[in-house]
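Naming convention: chains lettered A, B, ... in sequence-line order (proteins, then strands); numbering from 1 in each chain. Note that this is a predicted model, so its numbers are computed, not measured.
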Amino acid sequence: MAAPYNHREVEEKWRKIWEEKPVNVDDGKKQKYYCLDMFPYPSGNGLHVGHWRGYVISDVWSRYKLMQDYFIIHPMGWDAFGLPAENYAIKNGVHPAISTEENVNNIRKQIKQIAAIYDWDMEVNTTDPNYYKWTQWIFVQMFKKGLAYQKEMPINWCPSCKTGLANEEVVNGKCERCGADVTKKNLKQWMLKITAYADRLLSDLDTLDWPEKVKKMQTEWIGKSYGAEVDFAIDGRKEKLTVYTTRPDTLYGATFMVLAPEHELAASLASDEQKAAVEDYIYQTSLKSSVDRLQNKEKTGVFTGSYAINPMNGKQIPIWLSDYVLADYGTGAIMCVPAHDDRDFEFATKFDIPIVQVIAKDGKEIEHMTEAYTDASGTMINSGDWNGRESAELKLEAPAIIEEMGVGKKTVNYKLRDWVFSRQRYWGEPIPIVHCPDCGPVAVPEDQLPLTLPEVENYEPTGTGESPLAAMTDWVNTTCPCCGKPAKRETNTMPQWAGSSWYFLRYVDNKNDKELVSKEKADKYLPVDMYIGGVEHAVLHLLYARFWTKFLYDIGVVSFEEPFTKLFNQGMITGKNGIKMSKSKGNVISPDDLVRDYGCDSLRLYELFVGPPELDSEWDDRGIDGVYRFITKLWKLVMDHKDDGADQSPAVVKERNRLVYDITTRLENFSLNTVVSGFMEHLNNLSAMAKDKAVDTETMKVFVQLLAPFAPHISEELYHVLGNEESVFAGGWPAYDEKLMEDDTIEIAVQVNGKLRATINIAKDATKEAALADAKEALGAKLSGNVVKEIYVPGKIVNFVVK
RNA sequence: GCACGAGUGGCGGAAUUGGCAGACGCACCAGACUCAAAAUCUGGCGGGGGUGACUUCGUGAGGGUUCAAGUCCCUCCUCGUGCACCA
């Protein structure tokens, strides 16, 4: 009897050997494959089994590609700027740099337990001045190109984090980070002009091998729409009102207009009678938080007392103010066609404004309209020259007609807003700008980067809209790099997303102090072939990283426009009842004990076995016994096996071929949970065969090779036990023969009226006559009554329909 | 409100895309080994009926298409995710 399986011994042994002699080596000839994990925030809580799963998935995929003879770029790093470290500093008085370093060391140790083939020479940390030097450098390039600019406007403000937020960071009116209700605050902010890239960010989605869900979310976030701007004259005034509409075909049905209360003409349009009401409405709206405005969908509004002229029919239409019109989309003013828009219908009904139908429904005018007819198909009515035309086609032509009439133009609009880029917090990259009273904002010269984050006594956010850095007068007061006169540093810092928008570039050249990445290395190793991480970054990180990459492409740093060719979103591992693992819920499961008790290989397999990798799974510790049994069973089979002389009978060859086929196709389909069950199934088969005679060495070798990406230690050990000298990862990926997959005879089901009554073994290409004869024989007396139909689908089924 | 997912044994989940529902595993039950337990091995394991070969019902609910439906179509329920007055 061979020694029982001792996971600690085997795993430690190979870990040492792999460290001395890495299995993933760039010989200059191999093709590269870049498999990237979304790098973690080094939290003080450490890793739980959910983080582990993502890293196991990416490592399995990397090792599979390694065995297919690619050179693998598989790096790991730290997204280490951000609020938790700063909050920890506020509470405990420990500098964020210190707590961050501790956390990084701790998590690195935990990640190393996964035994992934990470190249730790490539490690990056966004808080390292040698790293954020280049984050600042990119900002400076954007500033030079006019893509980073300052603007004073009401921005999203989190009263709990005491900082401004980007649109992407506001989820249902709440702060993405802490969940507090977001308010508006008027602040002068640094903005990045992501809208200049809206079209490219949209159209290039087509080139990506990403989950449709994520592409759709980005498409909707960018929110491109086609329509027209239309000018409405204001009765008795010089100014005109311009609106944006996607339905210029309904122009004749516009019976009123609504302006956002923030519109620049809102107050001045008020007639003497309406003045008090208008001013009150504008004031009341300004008090509302964005959550209030979102939640209360009951329409409110006030009539200004002024009228506009519908340019199509010259009719006077009243101008109203209402907070359902958004100030920062389109022109902040809309034409209202209550007959064909739900919101306008609701408003018109409430305030008793006329409703004019301009598109016929089922060829007729509706007698009593109870809801808007929003279908864009039908014949135009009540529309002057346009009567009788098809609305769908007119919708496309109308912008040109309006343009010809000189009352508007064709336009597109986006929901995407520019990126509010400054944060009134300490623990982030300082924005490398000096404000000079004479020269205005001036970039810190590139040879003076990095502009390091100074140490402060007090990290506490001020809440005034100023960063804690503002109190550091020594640091703030400087001279203008342009004219040399006294000037002040920008005291806001960059958002957490800055460092993560380009880190994948830095890995491959992380020690370069001349460039953020050399052209040579970027061309050789990038872009990322496979990117693995949670879906929570679908619009935030993934949109920002695409934007920055496109910018770096434009200024010639990289020669590709999209950073991540393929994306895989792994599901979340939750605690019992689908509750997200968190320290406060007390349901966090640490991988450390499981690794100790069952070994890395078992945990790796179990992480995959819990469920489909793309779906959320509830964690249940008990199941890991199953994969542990599988591993010890395999160990015993290989250790006890004595090859009785290379039995290569067709049955043996076929089983082996089937094994390779099953595992390879399931792996290619990313069906990693069924890969594991496939291994179990085949091991059960082999164990059953082993009772009669020894399993042949070749089959065992192939089994172990296939298992290697999933359970690397035991596979490597058994591969050597089976007499191989080199590493299992150098031995290539086993091939299968498609032709051998087809059996000459197969078992098919025999049904009567669709119910299973027998099975028969039959030649796979048997004729109908032969199949039916066999089937009848198998059924015997069970086939009684009047057979009205006989169905035979070769290779599938025989079915008799009986009356 | 709109859009997209999902719903299968006690549990996690399979099902080559319309062709033998429940692979694989957990838990559980019985047996072997043991003084005993653990570990291991063997067998069983959706519900009802039958000593039995068998039989019947069964994939959230109801209806439909088909020789055949977990899979396709219609209506509805539940859960999840995204968007949420974007004109």
Side-chain angles (χ1 to χ4, degrees), chain A residues 4 171-173 212-214 216-217 219-221 223-225 227 243-248 250 254 257-258 260 293-299 322-326 328-337 340-344 346-347 413-417 535-536 538-539 578 605-606 609-612 614-627 629-630 632-633 636 661-662 665-666 669 671 673-684 687 741 747-759 782 787-793 795-802:
Chain A
V171 180
N172 291 329
E212 285 307 314
K213 186 183 163 190
V214 176
K216 205 176 150 213
M217 279 167 71
T219 302
E220 281 172 5
W221 191 261
K224 185 175 187 175
S225 67
V243 303
Y244 172 70
T245 178
T246 55
R247 294 293 303 278
T250 63
M257 296 182 80
V258 176
R293 242 171 118 159
L294 278 176
Q295 277 169 355
N296 188 7
K297 294 205 173 164
E298 172 76 29
K299 299 276 179 290
S322 173
D323 66 0
Y324 84 88
V325 175
L326 304 176
D328 60 351
Y329 181 79
T331 61
I334 60 169
M335 66 174 212
C336 297
V337 185
H340 304 287
D341 181 279
D342 290 325
R343 297 150 303 182
D344 299 347
E346 195 190 328
F347 195 89
N413 244 305
Y414 299 90
K415 291 186 194 174
L416 186 71
R417 295 297 125 78
V535 76
E536 66 273 16
V539 277
L605 287 176
Y606 187 55
F609 192 54
V610 285
E614 70 279 9
L615 299 183
D616 294 351
S617 298
E618 274 179 39
W619 187 264
D620 181 357
D621 266 352
R622 284 179 304 187
I624 195 171
D625 286 314
V627 293
R629 281 175 200 141
F630 160 76
T632 49
K633 229 190 265 183
K636 258 191 243 163
Y661 173 84
D662 281 350
T665 51
R666 289 174 195 189
N669 292 329
S671 178
N673 54 327
T674 62
V675 168
V676 178
S677 60
F679 278 123
M680 290 172 167
E681 216 175 328
H682 282 281
L683 182 65
N684 290 345
S687 298
M741 294 306 302
E747 190 186 71
I748 66 169
V750 179
Q751 299 181 334
V752 178
N753 288 344
K755 294 208 169 82
L756 179 71
R757 284 293 176 268
T759 56
K782 282 182 202 163
V787 177
V788 285
K789 199 165 180 181
E790 294 167 333
I791 290 140
Y792 168 56
V793 183
K796 301 268 186 190
I797 210 158
V798 172
N799 190 13
F800 294 102
V801 184
V802 175

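- Residue A:Asn684 is in sugar-phosphate contact alone, with no base atom involved, counting any heavy-atom pair closer than 4.0 Å across all strands shown.
- For the OP1/OP2 pair of B:rG25 and a distance below 4.0 Å, the side-chain nitrogens and oxygens of A:Arg622 include no atom meeting the criterion.
- If you take CG of A:Asp616 and C1' of B:rU81, they are 9 Å apart, rounded to a whole angstrom.
- Remark: A:Ser671 engages A:Thr674 in a side chain to side chain donor-acceptor pair (under 3.5 Å) (not counting sequence neighbours).
- The residue A:Val793 sits close to a base: some heavy atom pair falls under 4.0 Å.
- When the nucleotides B:rC24, B:rA87, B:rC67 are ranked by their closest atom to the side chain of A:Ile791, B:rC67 comes out on top.
- Comparing A:Arg666 and A:Arg247, the nucleotide of RNA chain B nearest to each residue sits closer to the 5' end for A:Arg666.
- Among the nucleotides B:rC20, B:rU40, B:rA14, the one closest to any side-chain atom of A:Thr674 is B:rA14.
- Counting only heavy atoms from C-beta on, A:Asp323 has its side chain closest to B:rC85 among B:rG82, B:rA27, B:rC85.
- Between the CD atom of A:Glu618 and the C1' atom of B:rC26 there is a distance of 14 Å, given to the nearest Å.
- The interatomic distance linking A:Glu212 (CD) with B:rG5 (C1') rounds to 14 Å, in whole Å.
- We find that CD1 of A:Ile624 is positioned 13 Å from C1' of B:rG25, with the value rounded to whole Å.
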Quiz item: Please walk me through it: do A:Phe347 and A:Ser322 pass side-chain contact (heavy atoms from CB on, under 4.5 Å)?
Solution: CA-CA 9 Å; A:Phe347 195 89; A:Ser322 173; 3.6 Å; yes
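- In the interface, the side chain of A:Lys299 is paired with the base of B:rC85 through a donor and an acceptor atom under 3.5 Å apart.
- Within the nucleic acid shown, A:Glu790 has no heavy atom closer than 4.0 Å to any nucleic acid atom.
- Between A:Ser225 and B:rA87 there is a side-chain polar atom (N or O) within less than 4.0 angstrom of OP1 or OP2.
- Residues A:Gly795 and A:Met680 each lie close to RNA chain B; by heavy-atom proximity, the contact nearer the 5' end of the strand is made by A:Gly795.
- Base engagement by A:Glu747 is indicated by at least one non-hydrogen atom pair under 4.0 Å involving a base atom.
- A straight line from CG of A:Asp625 to C1' of B:rA38 spans 13 Å, rounded to a whole angstrom.
- Here A:Arg417 lies in heavy-atom contact (under 4.0 Å) with a base.
- Separating the P atom of B:rC24 from that of B:rC73 is a span of 31 Å, rounded to the nearest Å.
- Residue A:Asp620 is out of contact with every strand shown, counting any heavy-atom pair closer than 4.0 Å.
- Summarising the geometry of A:Lys415 relative to A:Glu220, their closest heavy-atom pair is CD-O, 4.0 Å, with the distance given to 0.1 Å.
- Side-chain nitrogen and oxygen atoms of A:Arg629 include at least one within less than 4.0 Å of the OP1 or OP2 phosphate oxygen of B:rC26.
- Across all strands, A:Asn673 comes closer than 4.0 Å only to sugar-phosphate atoms, never to a base (heavy-atom distances).
- Pairing for B:rG5 goes to B:rC79, judged as Watson-Crick or G-U wobble with the two contacts each under 3.5 Å.
- Of all nucleotides listed (B:rC41, B:rC4, B:rC24), B:rC4 comes nearest to the side chain of A:Lys216.
- Listed for the A:Asn799 side chain is a donor-acceptor partner under 3.5 Å among the backbone atoms of A:Gly754.
- Shown here, B:rC24 forms a base pair with B:rG12; the pair counts as Watson-Crick or G-U wobble because both key distances fall under 3.5 Å.
- Across all strands, A:Thr759 comes closer than 4.0 Å to base atoms (heavy-atom distances).
- Residue-level contact check: A:Lys789 touches the backbone only, with heavy atoms under 4.0 Å from sugar-phosphate atoms and none from bases.
- Taking the P atom of each, B:rG43 and B:rG25 are spaced 12 Å apart, rounded to whole Å.
- As rounded to the nearest Å, B:rU42 and B:rC26 have P atoms that lie 13 Å from one another.
- By the rule that a glycosidic angle within 90° of 0 means syn, B:rU75 does not qualify and counts as anti.
- Within 4.0 Å of A:Thr632, counting heavy atoms only, lies no atom of the nucleic acid at all.
- Shown here is A:Tyr414, whose OH atom has more than 12 heavy atoms of other residues, nucleotides or ligands within 6.0 Å.
- B:rA27 atom C1' lies 14 Å from atom CG of A:Asp621, rounded to whole Å.
- Contact detail for A:Phe800 and A:Val798: the closest heavy-atom pair is CE1-CG1, 3.8 Å.
- A cation-pi contact links A:Lys299 to A:Tyr324, judged by a cut-off of 6.0 Å to the six-membered ring centre and 45° from its axis.
- Atom name C1', nucleotides B:rA14 and B:rA23: the rounded distance is 5 Å, in whole Å.
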